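Predicted, not measured: the structure shown is a model, and the values here were computed from it. Quick note on labels: first sequence line is chain A, next is B, and so on, each numbered from 1.
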Amino acid sequence: MDTIITRFPPSPTGYLHIGGVRTALFNWLYARKTKGKFVLRIEDTDAARSTKESVDTILESLEWLGIDWDEGPYFQTERYDIYNEYIKKLLESGAAYYCSCTPDEVNAMREEAKAKGQKPMYNGKCRARNLEKADNTVVRLKTPDTGVTIVKDVVKGDTAFQNSEIDDFIIQRSDGSAMYNLAVVIDDITMGINTIIRGDDHLINTPKQMLIYEALGADLPVFGHVPMVLGADKSRLSKRHGAMSVGEYKNMGFLPDAMINYLVRLGWSHGDQEFFKRDELIEKFDLEHLGRSASMFDTNKLISLNAKHIQGTSPEELADHLLFHLNNLGIKAKNDKFTQGVIETLQPRSKTLVDMAKAAEFYYLNEIEFDEKAAAKFLNSDILDMLEKAAGYIDDIKEYNQEELENIFKQIMEETGLKFGKIAQPLRVALTGTTISPGIFEMLLALGREKTVNRIKAAIKFINA
RNA sequence: GUCCCCAUCGUCUAGCCUGGUCCAGGACACCGGCCUUUCACGCCGGCGACAGGGGUUCGAAUCCCCUUGGGGACGCCA
């Protein structure tokens, strides 16, 4: 087989949503897996709705997800000359013709067809009129009246469409611009796209597009129509289902790798495996195991996968992503040993990076603010002696490591007669302000000796006040 | 209205193509327990599905038909 060339063609009429990302992912994965090429094309022929901002956010989202492209972005609005060239060919060969019917007239035709219990269609009125180009003429493709067009689809199998169900659709508007179905086909032909994975809302467009390939004598690509992603109520994903854009998921503290893992797994499977690292996805992805039925977006599953990715990613790499969320909390941190140590203590107990950033906050504070209940329960004069000892011993040890710290705890337990829990919990409040934190030793280590001692002293002051 | 697609636990899915190893496996969520210095992680267990009806067959989640349900498309949008 020749080099696989896939593409992702978003229209810049809004942010990049989850369903779009998923099809982008399938195409990207397939290209990467086969060492092929992945082309990015912006379908901006709808002048009224396309915006530069949308293009920017789409590009940003793809970059955040780590979906890179080998060619493009191409813009359809810059390719009108190419489309016109092909439209001219189609006109010359008689495969297309000018039509002067007004929108009102065409509407009437549709109503008429509907009344007869048929699919609403243009009736081919201008087909044999041999009209010349004029101000208000559009160009239509002459489609066959009989026979069937069979879409061979790698995920759905064969689907036959009666040609009588396909009307002479418009390929060029009266203002001279190309319509979607034509632009897509011309682009795919000229860009050498040979594998097209897209949402199954396009399945109905496919026979139309095949007719254009045929009229041009071009080779057909491989088609694969994947089911759409539905909201939790089984309806089409829309704003009322909450977060839709990729950027929102970034803000909610999801890792790009988790996002990718979840989205690919939604509609594709590799036996029972749920967790995939990025490279593993590229290695194992295939077209054979794409599902045929629509699936619903489940945030819970995304969250759990995110937690697993947080656990399975190095602190150093995690830090790059966490800094963004720390910054959102007003914490200026760097990707250094300290932050990496902090992360290590938080990895098993964070489901999102937002959780992690919040839980990490106390490490960076200069002064701890004590939770009222926690302080009332644990910071009282009974433990003054213990805190004094802790501050002193910790300050004195030669090596600030787990072994030494454990020894100190043993010593304090002996000297005070307190059980481990009676020491750990007040200390926890002294150091973090609350009763909830990572394990006492790992936290002590991540905090560092200086902060630890200072905080214990501050707690002593607090009790004495 | 017409055409098209789809149908396994609440959700994501394995199994379906190449019928028997499936009184249907995994994961998320939920519930219980264990572990334990708090919170988590982890571990163990539980709950829970082949949409319905007809065929074909010795045998069907798997093949065929119908019904029902869900989704999509019918634009000088993409």
### Task
Please work out which of the three classes, parallel, tilted or perpendicular, describes the rings of A/Phe462 and A/Phe370, given edges at 30° and 60°.
tilted

### Query
When you check the gap from the basic side-chain N to the acidic O, do A/Lys308 and A/Glu274 get nearer than 4.0 Å?
no

### Task
For nucleotides B/C50 and B/G25, find the distance between their P atoms and express it as a whole number of Å.
13 Å

### Query
Expressed in whole Å, how much space separates the C1' atoms belonging to B/U8 and B/U62?
11 Å

### Verdict with supporting geometry, A/Leu418 and A/Ile412, side-chain contact (heavy atoms from CB on, under 4.5 Å)
CA-CA 8 Å; A/Leu418 290 171; A/Ile412 296 176; 5.7 Å; no

#### Entry: Note: A/Arg41-A/Asp188 ion pair, threshold 4.0 Å (strictly below)
yes

### Task
Output the single nucleotide from B/C6, B/A27, B/A40 whose closest atom is nearest the side chain of A/Glu274.
B/A27

## Note on the structure
Closest to the 5' end of RNA chain B, once A/Gly267 and A/Phe161 are matched to their nearest nucleotides, is A/Phe161

### Query
Say you pick atom P in B/C16 and the same atom in B/U21; how far apart are they, in whole Å?
12 Å

### Query
Of the nucleotides B/A14, B/U2, B/A7, which one has an atom closest to the side chain of A/Glu165?
B/U2

### Task
Measure from the ring center of A/Phe26 to the ring center of A/Phe285 and say whether it is less than 6.0 Å.
yes

### Query
If the P atom of B/G33 is compared with that of B/G69, how far apart are they to the nearest Å?
44 Å

### Task
Based on the glycosidic angle (syn within 90° of 0, else anti), state the conformation of B/C34.
anti

### Summary
Given protein heavy atoms under 4.0 Å, the one-letter contact record of nucleotides 29-37 of chain B, with B base, S sugar-phosphate only and - none, is simply S-------B

### Query
Parallel, tilted or perpendicular: which describes the rings of A/Phe441 and A/Phe420, with under 30° parallel and over 60° perpendicular?
tilted

### Separation between the P atoms of B/C63 and B/A49, rounded to whole Å
22 Å

### Message
Can you measure A/His289 atom NE2 to B/C16 atom C1' for me and round it to whole angstrom units?
### Response
12 Å

### Task
Tell whether A/Arg265 reaches the base of B/C12 with its side chain through a donor-acceptor pair below 3.5 angstrom.
no

### Query
When you check every protein heavy atom under 4.0 Å of nucleotides 73-78 of chain B, what one-letter string (B, S, -) results, 5' to 3'?
SBSBBB

### Task
Look at the side-chain N and O atoms of A/Thr434 and state whether any lies under 4.0 Å from the OP1 or OP2 oxygen of B/U38.
no

### Distance between P atoms of B/C3 and B/C66 (Å, rounded)
13 Å

### Pairing of A/Arg198 and A/Glu43 as salt bridge, 4.0 angstrom limit
no

### Query
Using atom C1' of each nucleotide, how far apart are B/A51 and B/C9 to the nearest Å?
13 Å

### Message
Can you tell me whether the side chain of A/Asp272 and the base of B/G25 have a donor-acceptor pair closer than 3.5 Å?
### Response
yes

### Query
Checking side-chain contact (heavy atoms from CB on, under 4.5 Å) for the pair A/Met210/A/Phe223: CA distance, chi angles, key distance, verdict?
CA-CA 10 Å; A/Met210 285 171 67; A/Phe223 289 106; 4.1 Å; yes

### Query
Given A/Tyr262 and A/Phe297, is the ring-ring contact (aromatic ring centres under 6.0 Å, His included) satisfied, shown in steps?
CA-CA 10 Å; A/Tyr262 176 71; A/Phe297 191 89; 5.2 Å; yes

### Task
Look at the aromatic rings of A/Trp268 and A/His270 and report parallel, tilted or perpendicular, splitting at 30° and 60°.
parallel

### Message
Please give the distance between the P atoms of B/A7 and B/U13 as a whole number of Å.
### Response
11 Å

### Query
At under 4.0 Å, does any side-chain N or O of A/Lys308 touch on OP1 or OP2 of B/C28?
yes

### Message
In this structure, how many angstroms lie between the P atom of B/G1 and the CG atom of A/Asn107, rounded?
### Response
20 Å

